[in-house]
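Shown next, in C-alpha cells, is the structure this report addresses.
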2 protein chains.
Amino acid sequence: MSPIQPIQWDPDRKVLTLLDQTRLPLVETHLHYTDPTEVAGAIRGLVVRGAPAIGCAAAFGTALGAVQYTGSSFEELDARVRDAMGVLARSRPTAVNLFWALDRMEKLLDSLEGRDCGEVREALEGEAVRIFAEDLAACQAMGDFGASLVPGNARILTHCNAGALATAGYGTALGVIRSAHRDGKVSMVWVDETRPVLQGARLTAWEMVREMIPATLITDNMAGAVMAAGKVDFVVVGSDRIAANGDVANKIGTYSVAVLARRHNIPFVVAAPVSTIDFEIPSGDGIPIEERDPEEVAGYGSERWAPEGMRIYNPAFDVTPAELITAIVTERGILMPPYAPAIANIQR
Amino acid sequence: MSPIQPIQWDPDRKVLTLLDQTRLPLVETHLHYTDPTEVAGAIRGLVVRGAPAIGCAAAFGTALGAVQYTGSSFEELDARVRDAMGVLARSRPTAVNLFWALDRMEKLLDSLEGRDCGEVREALEGEAVRIFAEDLAACQAMGDFGASLVPGNARILTHCNAGALATAGYGTALGVIRSAHRDGKVSMVWVDETRPVLQGARLTAWEMVREMIPATLITDNMAGAVMAAGKVDFVVVGSDRIAANGDVANKIGTYSVAVLARRHNIPFVVAAPVSTIDFEIPSGDGIPIEERDPEEVAGYGSERWAPEGMRIYNPAFDVTPAELITAIVTERGILMPPYAPAIANIQR
C-alpha cells in the first residue's frame, strides 16, 4: 500500500497537489495549485489542515509566488514573494508552524537580495522541499520516540487528526500510533469524531482503516465513559502551537480529554515537531484562538440541524495547561515536566 | 405563545398524538397513535424521548391496549393489556420511568381483576392521564425548587434535552432554567449539541429560541473551553435513572461535563422526578446502558462521514458518580449529599 501523501510537489511542472481533505473519506480527489492566493484559500478552506501540513503548504505557496514571476527584476520578484507570504500568513491564525515556515522562507529571501531571479526561484523552491522533507523525517523520529512511551497491548485514544494527512506524511500523534503498532503494542485506537469538522471520524478513521490498525470511532462525548470503563491506557494528540511554558493549543476538545485523562490517571502525551513551539509566547493565554464560521456547528454538509435564530460559538482550538501533560514528544526527543526549562533548552 | 406539548391525549377519540422529535427543529409535525406496538416503535425510534416523556407515552400506550379490545371478556382484555406492556417494556432499556409507569399501570390492572371491561378501560385511561398530569406538576415544582439554587445573572450549561419535550411539559433541567429565567436570573444558557442524535442542537435550542431565553449552541467538546474561560456558573441536566446511592445515568457525555464542572468548581445539579429513582439498584454499576445503532455515529440524516469498514461504539448513556453531583432536585424537594440516606428517606 502506498503511503498517504496529502501534499505533493512536482519539481518539473512546478505544481503543488493537495489531497482534498474536505471530501475525505467518501471521495479521494486531488487539487492542483500554481497560485499562492489559491493555496491560502485551500488552507483557510481546510483542503489541507494540521499544523505541520499547513507549514509545508505555505512554504510551497511561497515558492509558487516566486515561480509565477518570470521576469528578471529582483525587486519585482521580491515584492511578489512577500505579497504571497502576506496572503498566506492571513489564512489561519493559530498554527504557529505556518508562521515558522513563512519566517524561514523570508529569512532565505532576505539573504538572497539582489541575486539572479532564477537562482532565487530555485533557492526558494529548494527550501520548501527541505521543509517538507524535514517534516517527514521529524514525524518518523517522533513516532519512534513516542512509541517508547506506549505500554504493551495499549488501548490508545486520540482526538482530531494529527496523522499523515496533517503533516508531510506519517503524522505526529498518529506517527506515535503507527510506530507503536509496528512494534506490536496497539490493541485498539479510540478515535474521537472531533466535531464540528469531524477530522477524527473522517480523516483519522480513514487512515486507520487504510492501514488496518484496529480502531473504534466514538463521538467526542463518549471519551469519558470509555475511560471510566477502564478501556483507555494512553492518550496521544498533536498540537497547533506550544507556548514556552508547555501549554498546548490543539483542536477544540483536547482540553476536555486531558482533564478526563488526569481523573483516570491515564498518560496524556502531545506529539509535535519543534516548529510547533512558539518560544515567544510565555503561556497559553497568549495563543490566538481562531473562531470559525457558525455554520460548521449548525450542521454538516447538506444537513442543517440548529434552529434559525440560535446563537452559536465556534472556537477551533483550546488550550491544555502544561500541568495536565505527561510528556511532549518532539523529533529531538521527549520533553518532560517541568517544561519551561526543557523548552528553553531545546531552543538552544 | 402556547406551551410546548410533546404528548397529547384525545379523550373523545382515544388517540395519542406525539410531536415528532426526530424531525425538529426544521419540521414540526404530529403523529397519531391508536396501537401500543406503534407507540413502542415511536419510543424506540425517538419520536418521543426523555425519561419522563417515555413514561407518559408508555402509560398511554398501555391504555391504548385496553381501548383496542372492544369485547367483554376480562381475561382477553387483561391479556391484551399485558401484551402491550411487554412490547412497551422492550422499547428502551435505560430510562427507569418507563418501567415505573408500566408498573403503576400493571398494579392498577391487578386490582381490577374480573371487573367490567368498560370500567377497566376507563380506569387505565384515567391512570395514564394522571401520570401525565402528575409529571407536568412535578416539573413545575422541580423548576421552582431548582431555581432557588441558581445564582443571579447565571450562565447555565446544559447537556441533551431535559426540556418540555422530554416530559409532559416544562421540563426537568430546562424546567429549572425556565423558572430561573422567569425570576430574572439567567444571562446565558450554553447548549451542548449532544451527539450523536443532537438533542441539544435540535430540541433544547428550539425550546430556547421559541421562548426567547438567551442561549448559545456549542459542540460537546467546547464545554471544557467555555468553563476554562470562566463563562459557566451552573450546570443542570436531567436523568434517565438514578441509583439508590445517587449515581446518575443520563445522556452520553454527561459524565464528562460533571468531571469538567468539578475541575472548575461549578455546581453540577441533576433535576429529575422521584419516578427516575430506581430504589432497587444500589449503584450506577447496575444500570443497563443502551447501545444504539452505529449508523447514528457514522453520520447524520442524509450525510455519512465515517469510512466504510470503521468499527463504531454507540452507548446512549453514561453514569455520573454521586460524588460529582452537587444536588438532585426532585418534585418533593432538593436532595443533598450524602445521597443514600436522602434517597432512602424520600422512598418512605
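Here is the naming used below: chain letters follow the sequence lines, and residue numbers restart at 1 for every chain.
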Indicate the atoms forming the closest heavy-atom contact of [X] with [Y], along with that distance.
X: B/G246; Y: B/I328; result: O-CD1, 4.1 Å
X: B/A271; Y: B/V236; result: CB-CG2, 4.3 Å
X: A/L324; Y: A/F268; result: O-CB, 3.7 Å
X: B/M310; Y: A/A215; result: CE-CB, 3.7 Å
X: B/V189; Y: B/V186; result: CG2-CG1, 3.7 Å
X: B/V248; Y: B/G238; result: CG1-O, 4.4 Å

Option that, when pairs with chain B are counted at under 4.5 Å, heavy atom only, ranks first among A/A228, A/A258, A/P307: A/P307
Kindly compute the distance separating CD1 (B/I156) from CG (B/L174), expressed to the nearest 0.5 Å. 10.0 Å
Quick check: do [X] and [Y] have side-chain heavy atoms less than 4.5 Å from each other?
X: B/L165; Y: B/L24; answer: yes
X: A/V235; Y: A/V269; answer: no
X: B/I289; Y: B/V319; answer: yes

Check each atom of [X] against the heavy atoms of chain B and say whether the ones under 4.5 Å are side chain, backbone, both or neither.
X: A/P214; result: both
X: A/L198; result: side chain
X: A/V226; result: side chain
X: A/V191; result: side chain
X: A/I312; result: both
X: A/V209; result: side chain

Using only the distance criterion (under 3.5 Å, no hydrogens considered), which donor-acceptor pairs connect chain B with chain A?
unit_1	atom_1	unit_2	atom_2	d
B/E193	OE1	A/R195	NE	3.3
B/E193	OE1	A/R195	NH2	2.7
B/E193	OE2	A/R195	NE	2.7
B/R195	O	A/N221	ND2	2.9
B/R195	NE	A/E193	OE1	3.3
B/R195	NE	A/E193	OE2	2.8
B/R195	NH2	A/E193	OE1	2.7
B/A215	O	A/R311	NH1	3.3
B/L217	N	A/R311	O	2.8
B/L217	O	A/Y313	N	3.1
B/D220	OD2	A/N221	ND2	3.0
B/N221	O	A/G253	N	3.4
B/N221	ND2	A/R195	O	2.9
B/N221	ND2	A/D220	OD2	3.0
B/G253	N	A/N221	O	3.4
B/Y255	OH	A/R263	NE	2.9
B/Y255	OH	A/H264	NE2	2.6
B/R263	NE	A/Y255	OH	2.9
B/R263	NH2	A/E323	OE2	2.7
B/H264	NE2	A/Y255	OH	2.6
B/S302	N	A/E303	OE2	2.7
B/S302	OG	A/E303	OE2	3.0
B/E303	OE2	A/S302	N	2.7
B/E303	OE2	A/S302	OG	3.0
B/R311	O	A/L217	N	2.8
B/R311	NH1	A/A215	O	3.3
B/Y313	N	A/L217	O	3.1
B/E323	OE2	A/R263	NH2	2.7

Counting heavy-atom pairs under 4.5 Å with chain A, the top scorer among B/G299, B/G309, B/P196, B/A201 is B/A201
Between B/I213 and chain A, with a heavy-atom cut-off of 4.5 Å, which part of the residue counts as in contact: side chain, backbone, both or neither? neither
